[in-house]
Amino acid sequence: MALKSSANNLKGAVLNFNDDAKDDYLPSISEAELSDEKVLQELDQLHGELRDQVIVLGHHYQQDDIIRYADVTGDSLALAREALNSTRRYIMFCGVHFMAETADILKRPDQTVILPDLHAGCSMADMANRQHIDQAWATLQEWTKARIIPVTYINSDAKLKAFVGDHDGVICTSSNAEKIIQWAFEHGEKLLFFPDQHLGRNTCYKMGIPLDQMVTYNPTIWNGGLTPEQVAKAKVILWYGYCSVHQGFTLEQIKRVRAERPETTVIVHPECCFDVTQNADVAGSTNFIINYIRQAPAGASFAVGTEINLVNRLARECPDKTIFSLSPYQCLCTTMYRIRPRWLLASYRAIKAGSPINVIRVDEKIKRSALVALERMLAIS
Ligand code: 13P
Ligand code: SF4
């Protein structure tokens with residue numbers, strides 16, 4: 001009975017996050033209807049029953065009660081590859097909106113991508129929109145004759161991926177940023193890197209580009225707050241965007257760990273700010289952090305500067321090591337956290353009823369352009 005009424009409520013609903021259609025937000029299954037325990041029981045059953053049709057992809061920052069249903073876990077690069085190679089009819093993407101969009105761009109035409117809560121966005125991705133990028137591009141083209149290669153972090157709207165596809169640019173993730181930037185400098189003299197200033201700055205600095213050859217374009221200020229002279233001198237133009245989660249890690253926290261637990265290795269994600277990555281012992285992508293900690297000898301101690309669900313899971317997975325968050329405030333990606341078991345169940349029920357909900361559909365024209373940039377990235381990395 002419950003199945004029938006829920007499926008009818010949700011019938012045929014498709015929402016495109018980027019088209020201001022958020023009012024169509026779909027209700028989850030209420031706690032009055034089903035307890036948390038019963039939600040997991042029904043999920044166990046539907047996950048098994050629909051296994052041939054549905055692949056569940058889970059980003060490493062997802063909560064444990066979602067990760068337990070993930071057929072594949074990974075970082076954004078690994079999950080993009082998985083979406084490309086998956087053969088099942090439905091790709092249930094337990095991550096955030098830009099990741100599900102990427103999957104929709106890479107999937108086969110007969111597959112459907114589902115994001116169990118369409119409000120699971122990314123605050124960083126929201127810091128650059130197509131209008132701002134078009135404007136910045138026009139200004140930069142007017143100011144310099146140098147060839148600028150646009151590079152977007154995969155944490156961006158599909159329209160920005162289309163922009164780089166249309167302008168001989170490329171996409172990167174935190175796992176392949178160095179290789180991609182290397183490629184970009186083989187094809188142009190300057191980079192426009194968006195939306196994450198920190199990944200751009202940290203990676204370029206690591207590759208030997210001094211800070212005085214990087215400038216930051218702030219879209220909320222006239223001409224990005226830059227002058228033609230500054231752009232002429234710069235090799236790298238960084239967008240003023242950041243991750244609100246990784247912004248929570250600070251130099252003060254590192255100093256405290258050094259003073260109180262000197263045996264501890266500080267390991268952070270390159271979305272952390274420059275001071276933090278410079279003063280950490282190691283910095284690398286989500287995958288890099290996982291592998292580094294897993295491979296460390298028993299007894300090792302780590303203060304980790306990345307999302308708390310991953311940090312806690314690593315701590316449980318490696319009881320022979322001491323693993324804790326660098327921040328006392330337990331930096332949680334609240335948008336990743338929107339993907340809850342009862343939302344996953346609602347999406348499963350709708351598939352079973354033949355009317356999938358929470359479907360991600362990127363516009364075909366945008367898809368074609370974005371695919372050029374995504375395929376370029378996959379070929380380089
Ligand atoms: P990864 O590329 O490391 O998966 O990072 C994605 C992300 O959103 C990190 O904040
Ligand atoms: Fe976006 Fe930061 Fe969350 Fe990653 S951790 S999805 S960059 S808000």
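Counting starts at 1 for both ligands and their atoms, following the listed order.
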Legend entry - Nearest-neighbour protein heavy atom for atom 4 (O) of ligand 1, which is reported as residue plus atom name and distance: His59 NE2, 2.7 Å

Legend entry - Note: Asp52-Arg88 ion pair, threshold 4.0 Å (strictly below): no

Inset, instruction - Of the side chain and backbone of His60, name the one, both, or neither that has a heavy atom under 4.0 Å from an atom of ligand 1. - result: neither

Legend entry - Carboxylate-amine/guanidinium proximity below 4.0 Å for Arg294 and Glu317: yes

Inset, instruction - For atom 10 (O) of ligand 1, find the nearest protein heavy atom and state the residue, atom name and distance (0.1 Å precision). - result: Glu271 OE1, 2.9 Å

Inset, instruction - Return yes when atom CD of Gln135 has more than 12 non-hydrogen atoms of other residues, nucleotides or ligands closer than 6.0 Å, and no otherwise. - result: no

Legend entry - Aromatic Phe98 / basic Lys161 pairing, under 6.0 angstrom, 45° off normal: no

Legend entry - Option with minimal heavy-atom separation from atom 1 (P) of ligand 1, where the choices are Ala78, Cys333, Ser174, Cys172: Ser174

Inset, instruction - Applying side-chain contact (heavy atoms from CB on, under 4.5 Å) between Val304 and each of Val268, Ile289, Thr265, Thr264, report the one that passes. - result: Ile289

Inset, instruction - Give a yes or no on whether Ile267 and Val257 share a hydrophobic cluster (residues Ile, Leu, Val, Met, Phe, Trp, Tyr; joining criterion: side-chain heavy atoms under 4.5 Å apart). - result: no

Inset, instruction - Assess Arg261 against Phe324: is NZ or CZ under 6.0 Å from the centre of the six-membered ring, and within 45 degrees of the ring's axis? - result: yes

Inset, instruction - Would you mind checking which non-hydrogen protein atom is closest to atom 2 (O) of ligand 1, with the distance to 0.1 Å? - result: Ser76 OG, 2.6 Å

Inset, instruction - Determine whether any heavy atom of Met336 lies closer than 4.0 Å to an atom of ligand 1. - result: no

Inset, instruction - Would you list the protein N, O or S atoms within less than 2.8 Å of atom 3 (Fe) of ligand 2, leaving out water? - result: Cys333 SG

Inset, instruction - Mind telling me whether His269 and Tyr61 have parallel, tilted or perpendicular rings, with 30° and 60° as the class edges? - result: perpendicular

Inset, instruction - Give the residue and atom name of whichever protein heavy atom lies nearest to atom 8 (O) of ligand 1, and the separation in Å to one decimal. - result: Asn155 ND2, 3.0 Å

Legend entry - atom 3 (O) of ligand 1 [closest protein heavy-atom partner, distance rounded to 0.1 Å]: Thr286 OG1, 2.5 Å

Inset, instruction - Could you list the atoms of ligand 1 found under 4.0 angstrom from a heavy atom of His246? - result: 10 (O)

Inset, instruction - Please determine if Lys352 and Glu49 form a salt bridge, counting it only when a charged side-chain N lies under 4.0 Å from a carboxylate O. - result: yes

Inset, instruction - Tell me, yes or no, whether the heavy-atom count around Phe274 atom CZ, taken from other residues, nucleotides or ligands under 6.0 Å, exceeds 12. - result: yes

Inset, instruction - Check whether any N or O atom of His269, backbone or side chain, sits under 3.5 Å from an N or O atom of ligand 1, and answer yes or no. - result: yes

Inset, instruction - Answer with yes or no whether Glu307 contacts ligand 1, where contact means a heavy atom under 4.0 Å from a ligand atom. - result: no

Legend entry - Aromatic plane relationship, Tyr69 with His47 - under 30° parallel, 30 to 60° tilted, over 60° perpendicular: perpendicular

